[in-house]
Peer 1: 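Encoded as structure tokens, here's the structure I'll be asking about.
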Amino acid sequence: MNNEKVYAMSFARIYPLLVAKAEKKGRTAKEVDQIIGWLTGYSAGEIEDAIQNSTTYGEFFQHAPNLNPNRKLITGSVCGVRVEEITEPLMQEIRYLDKLVDELAKGKAMDKILRERQWKCPKCGRMFAHVNQSHYCGEAPKTIEAYISQQSEEAQDYLRQINDTIKAALPEAVEKISWSMPTYWKKHNLIQFAASKKHIGLYPGPEAVQAFADRLQEYKTSKGTIQFPYHKPLPLTLIAEIAKWCEKQYS
């Protein structure tokens, strides 16, 4: 099943399946709600509202009031795919929940599922579920420039090129951080980008990737994602065209 079909499913259809998986193994709906609340920030009442209001699964995660930063500590496989390696942000959020409910059904203790055994960084005081020496010591970035300044020197150059290109292409779009990534927004998220270890990820959505498929053949792509490796010059003209296409299609 492709990602768009998953996003379009109603939360009211998915939620009973999650509960049934847990209850089959002797766990409870209340524990499922606790997991969902920890991951997304929804209260039990808000979860019920989402069920009653025909909220889609994609919308449920896109409108999550407070995505837990410690969700990035969730690792392991769901349906044969490692959740930490999923490049499409929305699908990764969905798979985080799948992974947590799987752990619940397998009898894992709730404190371990919710990553509550924490380590405190001696430099900045931030809490982690285990010793994590690779994190950035400081506040989470609130602007695109702050995000860029936290990345490696190699990544910063590529990120600034992409940011300058998108900013020029979308002069009326709002710059923000969304899903922990630099984002250009105009009524909806138009386009996002982020640094990875070996590449910069551009997230224009699956329709854009399909529309420009013939010009993206030399790059690795997946549903809604384009990877630009650090060892190649950035196709800035193409990135600008993709950004403008997104504004036309998504605004």
Side-chain angles (χ1 to χ4, degrees), residues 1-121 126-132 134-135 178-181 196 206 222-225:
M1 183 178 295
N2 66 43
N3 292 353
E4 293 304 312
K5 287 185 178 179
V6 174
Y7 303 154
M9 290 181 177
S10 69
F11 179 67
R13 175 183 175 186
I14 300 296
Y15 176 77
L17 300 178
L18 299 174
V19 171
K21 178 184 288 188
E23 291 183 337
K24 186 176 180 180
K25 298 297 183 177
R27 307 305 287 261
T28 67
K30 186 176 180 179
E31 288 178 306
V32 173
D33 287 353
Q34 184 179 355
I35 286 173
I36 295 173
W38 177 89
L39 181 64
T40 64
Y42 285 111
S43 67
E46 290 170 330
I47 293 171
E48 182 61 29
D49 287 343
I51 293 171
Q52 298 300 324
N53 294 335
S54 300
T55 301
T56 68
Y57 209 27
E59 291 170 342
F60 183 77
F61 284 94
Q62 288 171 331
H63 300 155
N66 186 25
L67 289 168
N68 194 312
N70 276 357
R71 73 195 189 285
K72 297 298 183 181
L73 301 172
I74 301 169
T75 60
S77 296
V78 173
C79 299
V81 178
R82 295 196 65 85
V83 294
E84 67 270 25
E85 296 176 358
I86 296 173
T87 57
E88 188 167 356
L90 184 54
M91 181 53 65
Q92 187 176 52
E93 302 298 342
I94 289 172
R95 293 310 185 195
Y96 281 150
L97 179 56
D98 288 340
K99 177 60 178 171
L100 295 181
V101 174
D102 278 353
E103 292 177 358
L104 181 69
K106 290 176 181 178
K108 197 170 187 178
M110 187 62 76
D111 65 330
K112 292 183 178 180
I113 294 172
L114 304 186
R115 278 61 181 170
E116 289 180 354
R117 294 184 177 179
Q118 298 180 323
W119 167 76
K120 185 176 182 179
C121 173
R126 288 178 62 191
M127 302 300 293
F128 296 88
H130 52 67
V131 175
N132 184 340
S134 63
H135 80 284
S178 179
W179 300 75
S180 303
M181 293 187 293
S196 294
S222 61
K223 292 284 187 179
T225 305

Peer 1: I need the H63 NE2 to T40 OG1 distance, nearest 0.5 Å.
Peer 2: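 So the gap between those two atoms works out to 13.0 Å.
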Peer 1: How far apart are the closest heavy atoms of E46 and G41, and which atoms are they?
Peer 2: OE1-O, 3.9 Å
Peer 1: Atom CE of M9 and atom OG1 of T56: how far apart are they, to the nearest 0.5 Å?
Peer 2: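 Those atoms lie 11.5 Å apart.
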Peer 1: Can you tell me how far apart OG (S10) and CD (E59) are? Round to the nearest 0.5 Å.
Peer 2: 10.5 Å
Peer 1: When rounded to the nearest 0.5 angstrom, what is the spacing between CH2 in W179 and CG in L67?
Peer 2: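 Atom-to-atom, W179:CH2 and L67:CG are 6.0 Å apart.
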Peer 1: Go through the steps for L90 and Y57 under the test side chain to side chain contact (heavy atoms under 4.5 Å, CB included), then give the verdict.
Peer 2: CA-CA 10 Å; L90 184 54; Y57 209 27; over 6 Å; no
Peer 1: What pair of heavy atoms forms the shortest contact from P206 to E88, and how long is it?
Peer 2: CD-OE2, 4.4 Å
Peer 1: Between Y96 and V78, does the side chain to side chain contact (heavy atoms under 4.5 Å, CB included) criterion hold? Intermediate values first, please.
Peer 2: CA-CA 9 Å; Y96 281 150; V78 173; over 6 Å; no
Peer 1: Just by modelled atom types, is the T55 backbone N or O under 3.5 Å from a matching donor or acceptor in the N53 side chain?
Peer 2: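 Looks like no, no N/O pair under 3.5 Å.
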Peer 1: Holding to salt bridge (charged side-chain N to carboxylate O under 4.0 Å, His left out), I want the full list of residues that pass it with D102, two or more places apart in sequence or in another chain.
Peer 2: K21
Peer 1: Could you tell me whether a side-chain N or O of Y42 sits under 3.5 Å from a main-chain N or O of F60, the two making a donor and an acceptor?
Peer 2: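 The answer is yes, because a donor-acceptor pair under 3.5 Å joins these two groups.
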Peer 1: List in chain and number order the residues that pass ring pair (Phe, Tyr, Trp, His ring centres under 6.0 Å) with Y7, two or more places apart in sequence or in another chain; answer none if no residue qualifies.
Peer 2: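 Result, ring pair (Phe, Tyr, Trp, His ring centres under 6.0 Å) vs Y7: none returned.
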Peer 1: Under 3.5 Å, side chain of Q92 to main-chain N/O of V83, donor-acceptor pair present?
Peer 2: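 Between the backbone of V83 and the side chain of Q92 there is a qualifying donor-acceptor contact (under 3.5 Å).
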Peer 1: Roughly how far, to the nearest 0.5 Å, is the CZ atom of R82 from the OG1 atom of T75?
Peer 2: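 It comes to 6.0 Å.
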Peer 1: L18 and D98: side chain to side chain contact (heavy atoms under 4.5 Å, CB included), yes or no, with the steps?
Peer 2: CA-CA 8 Å; L18 299 174; D98 288 340; 4.1 Å; yes
Peer 1: Which pair of heavy atoms, one from A22 and one from T28, lies closest together, and at what distance?
Peer 2: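 It is CB-O, 4.5 Å.
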Peer 1: Do NZ/NE/NH1/NH2 and the carboxylate oxygens of K112 and E103 come within less than 4.0 Å?
Peer 2: no
Peer 1: Please report the interatomic distance CD1(I113) to CD(Q34), rounded to the nearest 0.5 Å.
Peer 2: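 I113 atom CD1 to Q34 atom CD measures 8.5 Å (nearest 0.5 Å).
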Peer 1: Evaluate whether atom NZ of K108 has more than 12 neighbouring non-hydrogen atoms of other residues, nucleotides or ligands under 6.0 angstrom away.
Peer 2: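 More than 12 heavy atoms, drawn from other residues, nucleotides or ligands, come within 6.0 Å of this atom.
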Peer 1: Minimum heavy-atom separation for R27 to L104, with atom names?
Peer 2: NH1-O, 3.1 Å
Peer 1: Which pair of non-hydrogen atoms, one from P89 and one from M181, has the smallest distance, and what is that distance?
Peer 2: CG-CE, 3.2 Å
Peer 1: Give a yes or no answer on whether the side chain of N68 reaches the backbone of W38 with a donor-acceptor pair at less than 3.5 Å.
Peer 2: yes
